[in-house]
**Student:** 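One structure, pasted below without further comment.
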Amino acid sequence: MPVRTLKLGAVLIGVGGPGQHNTWLNPEIPGDASVDVRWYIARAQEAEAARFDHVFIVDSQFITADSPNHYLSRLEPLTLLSAIAVHTHHIGLVGTITTSYNEPFNVARRLASLDHISGGRAGWNVVTSGDSGTAGNYSRDEHFDYPTRYGRAIEHVRVAQGLWDSYEADAFPRDKERGVFFDRSRQHALNHAGEYFSVVGPLNLERTPQGQPVIFQAGDSEEGRDLGATIADAIFTHSQTLEQAQAFRTELRARAAAKGRDPENLLIVPGISPIIADTDEQARAKEDAILGEGSFDRALAELGRPFGWHDFSQYDLDAPFPEVGDVAERSFRTHAEAITKLARDNSLTLRQVVEHQLRARRSPFVGSPLTVANEIERWFTAGGFDGVNITVNAPSEFARFTDQVLPILRERGVVRSEYESTTLRGNLGLPIPENRYTAARRQAQSAGDAQSAGDAQSAGEVEVAGEVEADSAPPALVS
């Protein structure tokens with residue numbers, strides 16, 4: 001069995017995501033980093049030099065003036081990743097695409113194209129869109145409810161996977177001597193007619209280098225966890241404590257096993273933000289400074305996002321956390337319910353909830369390089385995760401992790417030293433899915449061979465039986 005090693009992802013968020021209100025002020029970060037393809041390429045190349053498994057591009061389809069800086073103006077994931085692909089060689093390329101506001105055929109084609117362009121390094125972060133305002137950008141009066149969002153999601157992914165099997169691996173012999181470009185028997189229409197989608201197929205793109213792009217999934221609701229256990233190769237999540245991380249990984253793997261999947265092929269890769277300094281004390285001071293830079297007013301506005309961008313500025317900050325009804329029902333419901341429960345259980349005011357949200361961004365991985373390495377190893381060996389996604393902002397801070405923490409983990413065998421494959425699946429240790437039509441033919445062939453062997457054996461038994469009967473018969477009278 002291969003030695004289990006920690007998987008590494010780099011989340012590239014330019015001028016700063018939620019809670020990172022002043023990230024863009026850092027002199028190392030261009031003010032237009034989120035739309036500067038050269039910035040992304042440089043960060044991806046740095047991650048590749050450190051032998052990271054993938055870069056991760058988050059995305060959404062709706063913004064307000066209160067959205068995080070990076071969200072206000074950023075490049076579309078697959079366009080960006082295609083550019084990164086031609087400037088890198090080994091690192092995986094994972095992009096976020098919503099199943100609520102895309103068609104399976106287009107998604108399957110775009111991801112398969114990225115997989116071909118990159119030589120087998122594409123990954124799809126499957127989301128259902130938590131921002132309810134997205135509906136207004138796609139000619140809908142309201143966002144899908146949870147059952148519809150997740151029902152569409154699983155069917156959407158299954159259709160995409162079916163389309164990726166449109167061609168078997170040997171469909172294109174391209175034999176110029178014989179004048180044979182393609183084998184018609186290796187092309188297959190999907191003819192899918194489901195509850196949400198009707199797709200004939202086949203996809204107009206051949207089988208990709210890694211069979212199918214790697215499926216990531218992010219979602220902590222009951223529906224999200226079930227979706228992840230059903231279709232994902234890797235789960236993107238967040239955990240504040242080792243105990244939370246262990247519980248999440250144990251549950252998701254158990255769910256996958258209950259669905260007939262090999263739980264070893266479901267990787268849990270939470271996002272983390274290491275804060276590293278020469279000493280533990282300096283690192284904690286650095287974290288305090290980072291958290292202290294958070295704007296209360298921006299945090300108050302951002303609090304509205306999981307509640308469908310509800311405006312909390314209309315309430316008395318020092319009154320109990322307000323009753324807001326079901327505004328989160330079609331948004332980030334699970335997150336909103338967690339915030340509401342926290343406020344109710346602890347009798348918190350709105351001001352206290354906002355302050356808690358600012359403090360809650362503290363990282364479990366703060367300290368000297370040795371301290372951070374020890375903590376990552378502790379979580380990994382204790383089954384808290386299979387890999388981590390590191391948030392990348394200032395290059396010098398990322399270099400502290402790659403140049404000071406990773407060597408410690410490599411020396412201990414926690415992280416591999418070299419790439420093991422040219423594909424994302426290979427480097428993540430995930431199997432290549434067998435084409436369904438190739439598998440059916442192989443199984444039919446095996447069944448036919450077994451039947452032929454059985455027929456031959458039966459014939460042999462009859463012949464032997466005849467010989468035995470003749471030998472045991474009384475000798476004929478000789479005249």
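All figures in this text were calculated on a predicted structure; none of them were measured in a lab.
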**Student:** Applying ring pair (Phe, Tyr, Trp, His ring centres under 6.0 Å), can you list everything that pairs with Phe380, at least two apart in sequence or on another chain?
**Tutor:**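 With sequence neighbours excluded, Phe380 shows a ring pair (Phe, Tyr, Trp, His ring centres under 6.0 Å) to no residue whatsoever.
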**Student:** For a 4.5 angstrom cut-off between non-hydrogen side-chain atoms, does Phe216 reach His54?
**Tutor:** yes
**Student:** Quick check against the 3.5 Å criterion: does Asp145 have a side-chain atom that pairs as donor or acceptor with the backbone of Thr148?
**Tutor:** yes
**Student:** When you compare the side chains of Gln187 and Arg184, does any donor N or O come within less than 3.5 Å of an acceptor on the partner?
**Tutor:** no
**Student:** Please tell me if the side chains of Val159 and Val107 come closer than 4.5 Å, counting only heavy atoms from C-beta onward.
**Tutor:** no
**Student:** Which residues pass the salt bridge (charged side-chain N to carboxylate O under 4.0 Å, His left out) test with Glu46, not counting sequence neighbours?
**Tutor:** Arg43
**Student:** Any salt bridge linking Glu420 with Arg51? Criterion: basic side-chain nitrogen under 4.0 Å from a carboxylate oxygen.
**Tutor:**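 Salt bridge: no.
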**Student:** Can you see which heavy atom on Pro433 is nearest to which on Gln210, and at what distance?
**Tutor:**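 Of all heavy-atom pairs spanning Pro433 and Gln210, the closest is CD-O, 4.0 Å.
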**Student:** Decide yes or no on side-chain contact (heavy atoms from CB on, under 4.5 Å) for Tyr150 and Ser221, but give the supporting numbers first.
**Tutor:** CA-CA 10 Å; Tyr150 284 95; Ser221 66; 3.7 Å; yes
**Student:** Do Thr5 and Val415 touch side chain to side chain, with heavy atoms closer than 4.5 Å?
**Tutor:**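 Result no, sub-4.5 Å side-chain heavy-atom pair not found.
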**Student:** Tell me the salt bridge (charged side-chain N to carboxylate O under 4.0 Å, His left out) pairs involving residues 124-140, sequence neighbours left out?
**Tutor:** Asp131-Arg305
**Student:** Which pair of non-hydrogen atoms, one from Pro173 and one from Val180, has the smallest distance, and what is that distance?
**Tutor:**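 Shortest heavy-atom contact: CG-CG1, 3.8 Å.
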**Student:** Side-chain contact test, heavy atoms from C-beta onward, threshold under 4.5 Å: evaluate it for Phe385 versus Thr237 and give yes or no.
**Tutor:**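 The answer is no, as the side chains (C-beta and beyond) never meet within the 4.5 Å cut-off.
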**Student:** Suppose the criterion is ring pair (Phe, Tyr, Trp, His ring centres under 6.0 Å): which pairs have a residue in residues 115-136, not counting sequence neighbours?
**Tutor:** Trp124-His156
**Student:** Would you mind reporting whether Asn435 and Tyr167 have side-chain heavy atoms less than 4.5 Å apart?
**Tutor:** no
**Student:** Side chain of Gln357, backbone of Ala299: donor and acceptor closer than 3.5 Å?
**Tutor:** no
**Student:** Could you check whether any side-chain heavy atom of Thr391 comes within less than 4.5 Å of a side-chain heavy atom of Gln20, counting everything from C-beta outward?
**Tutor:**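 Yes. Closest side-chain heavy atoms under 4.5 Å.
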**Student:** For residues 244-284, which residue pairs qualify under ring pair (Phe, Tyr, Trp, His ring centres under 6.0 Å), counting only residues two or more places apart or in two chains?
**Tutor:**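 Passing the test, one end in residues 244-284: no pairs.
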**Student:** Is the backbone of Phe172 close enough, under 3.5 Å, to the side chain of Glu206 for a donor and an acceptor to pair up by distance?
**Tutor:** no
**Student:** Hey, does Glu397 have a side-chain heavy atom less than 4.5 Å from the side chain of Ile276?
**Tutor:**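 When only atoms from C-beta onward are counted, Glu397 and Ile276 do not touch, as no gap falls below 4.5 Å.
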**Student:** Keeping Ser118 on the side-chain end and Ala85 on the backbone end, is there a donor-acceptor pair under 3.5 Å?
**Tutor:**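 Not at all, since once roles are kept as given, no pair shorter than 3.5 Å links the two residues.
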**Student:** Can you see whether Thr381 engages Arg4 through a side-chain donor-acceptor pair at a distance of less than 3.5 angstrom?
**Tutor:**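 No donor-acceptor contact under 3.5 Å links the two side chains.
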**Student:** Walk me through whether Thr96 and Ile57 qualify under side-chain contact (heavy atoms from CB on, under 4.5 Å).
**Tutor:** CA-CA 6 Å; Thr96 299; Ile57 306 298; 5.8 Å; no
**Student:** Quick one: salt bridge (charged side-chain N to carboxylate O under 4.0 Å, His left out) partners of Asp32, sequence neighbours excluded?
**Tutor:** none
**Student:** Spell out, as yes or no, whether a donor-acceptor pair under 3.5 Å connects the side chain of Trp164 to the backbone of Ala108.
**Tutor:** yes
**Student:** Is any NZ, NE, NH1 or NH2 atom of the basic residue among Arg149 and Glu223 found under 4.0 Å from an Asp or Glu carboxylate oxygen of the other?
**Tutor:**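 No, no charged N to carboxylate O under 4.0 Å.
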**Student:** Is the shortest distance from a Lys or Arg side-chain nitrogen in Asp115 or Arg425 to a carboxylate oxygen in the other one below 4.0 Å?
**Tutor:** no
**Student:** Could you pull out all donor-acceptor pairs under 3.5 Å where a side-chain atom in residues 256-272 meets a protein atom, sequence neighbours excluded?
**Tutor:**
from, atom 1, to, atom 2, distance (Å)
Lys259, NZ, Asp226, OD1, 2.9
Lys259, NZ, Thr230, OG1, 3.4
Arg261, NH1, Ala229, O, 2.9
Arg261, NH1, Ala232, O, 2.9
Arg261, NH2, Ala232, O, 2.6
Asp262, OD1, Glu264, N, 2.9
Glu264, OE2, Arg253, NH2, 2.8

**Student:** Would the distance check show the side chain of Ser166 and the main-chain N or O of Leu203 forming a donor-acceptor pair, the cut-off being under 3.5 Å?
**Tutor:** yes
**Student:** Among all residues two or more places apart in sequence or in another chain, which pass the salt bridge (charged side-chain N to carboxylate O under 4.0 Å, His left out) test with Asp288?
**Tutor:** Arg362
**Student:** Any carboxylate oxygen within less than 4.0 angstrom of a Lys/Arg side-chain nitrogen, looking at Arg400 and Asp278?
**Tutor:** yes
**Student:** Test: ring pair (Phe, Tyr, Trp, His ring centres under 6.0 Å). Region: residues 399-433. Which pairs qualify, not counting sequence neighbours?
**Tutor:** His90-Tyr419
**Student:** I would like to know whether His188 and Asp165 meet side-chain contact (heavy atoms from CB on, under 4.5 Å); could you show each step before the answer?
**Tutor:** CA-CA 8 Å; His188 306 278; Asp165 278 351; over 6 Å; no
**Student:** With sequence neighbours excluded, what pairs up with Thr98 under the side chain to side chain contact (heavy atoms under 4.5 Å, CB included) test?
**Tutor:** Gln61, Ser100, Tyr101, Asn102, Val127, Ser129
**Student:** Apply side-chain contact (heavy atoms from CB on, under 4.5 Å) to Val58 and Arg74, showing your working.
**Tutor:** CA-CA 10 Å; Val58 297; Arg74 55 180 165 178; 3.7 Å; yes
**Student:** Just to verify, what does Asp36 make a side-chain hydrogen bond (donor to acceptor under 3.5 Å, both in side chains) with, not counting sequence neighbours?
**Tutor:**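 Asp36 satisfies side-chain hydrogen bond (donor to acceptor under 3.5 Å, both in side chains) with Arg38 once adjacent residues are dropped.
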**Student:** Is the closest side-chain heavy-atom distance between Arg284 and Asp280 below 4.5 Å?
**Tutor:** yes
**Student:** Answer with yes or no whether the side chains of Thr23 and Asn393 bring together a donor and an acceptor at under 3.5 Å.
**Tutor:**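 There is no such pair between these side chains.
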**Student:** Hey, could you give me the CZ/CD1 distance between Phe365 and Ile275, rounded to the nearest 0.5 Å?
**Tutor:**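 Result: 11.5 Å between the selected atoms.
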**Student:** Show the nearest heavy-atom pair for residues Gln217 and Gly224, with the distance to one decimal.
**Tutor:**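 Nearest heavy atoms, Gln217 then Gly224: NE2-O, 3.1 Å.
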**Student:** Using every non-hydrogen atom in the two residues, find where Glu302 and Asp66 come nearest and quote the distance to one decimal.
**Tutor:**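 Closest approach of Glu302 to Asp66, heavy atoms only: CG-O, 3.8 Å.
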**Student:** Taking all heavy atoms of Ile97 and all of Arg110, pick out the closest pair and write down the distance.
**Tutor:**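 So the two residues come closest at CD1-NH2, 4.5 Å.
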**Student:** Are the side chain of Glu287 and the backbone of Ser363 linked by a donor-acceptor contact shorter than 3.5 Å?
**Tutor:** yes
**Student:** Any sub-3.5 Å donor-acceptor pair from Arg121's side-chain atoms to Ile91's backbone N or O?
**Tutor:** yes
**Student:** Distance-only, no hydrogens or angles: does the Arg152 side chain make a donor-acceptor pair with backbone N or O of Thr99 under 3.5 Å?
**Tutor:**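 At least one qualifying donor-acceptor pair exists.
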**Student:** In chain order, what residues pass the ring pair (Phe, Tyr, Trp, His ring centres under 6.0 Å) check against Tyr40, with sequence neighbours excluded?
**Tutor:**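 Applying ring pair (Phe, Tyr, Trp, His ring centres under 6.0 Å) to Tyr40 gives none.
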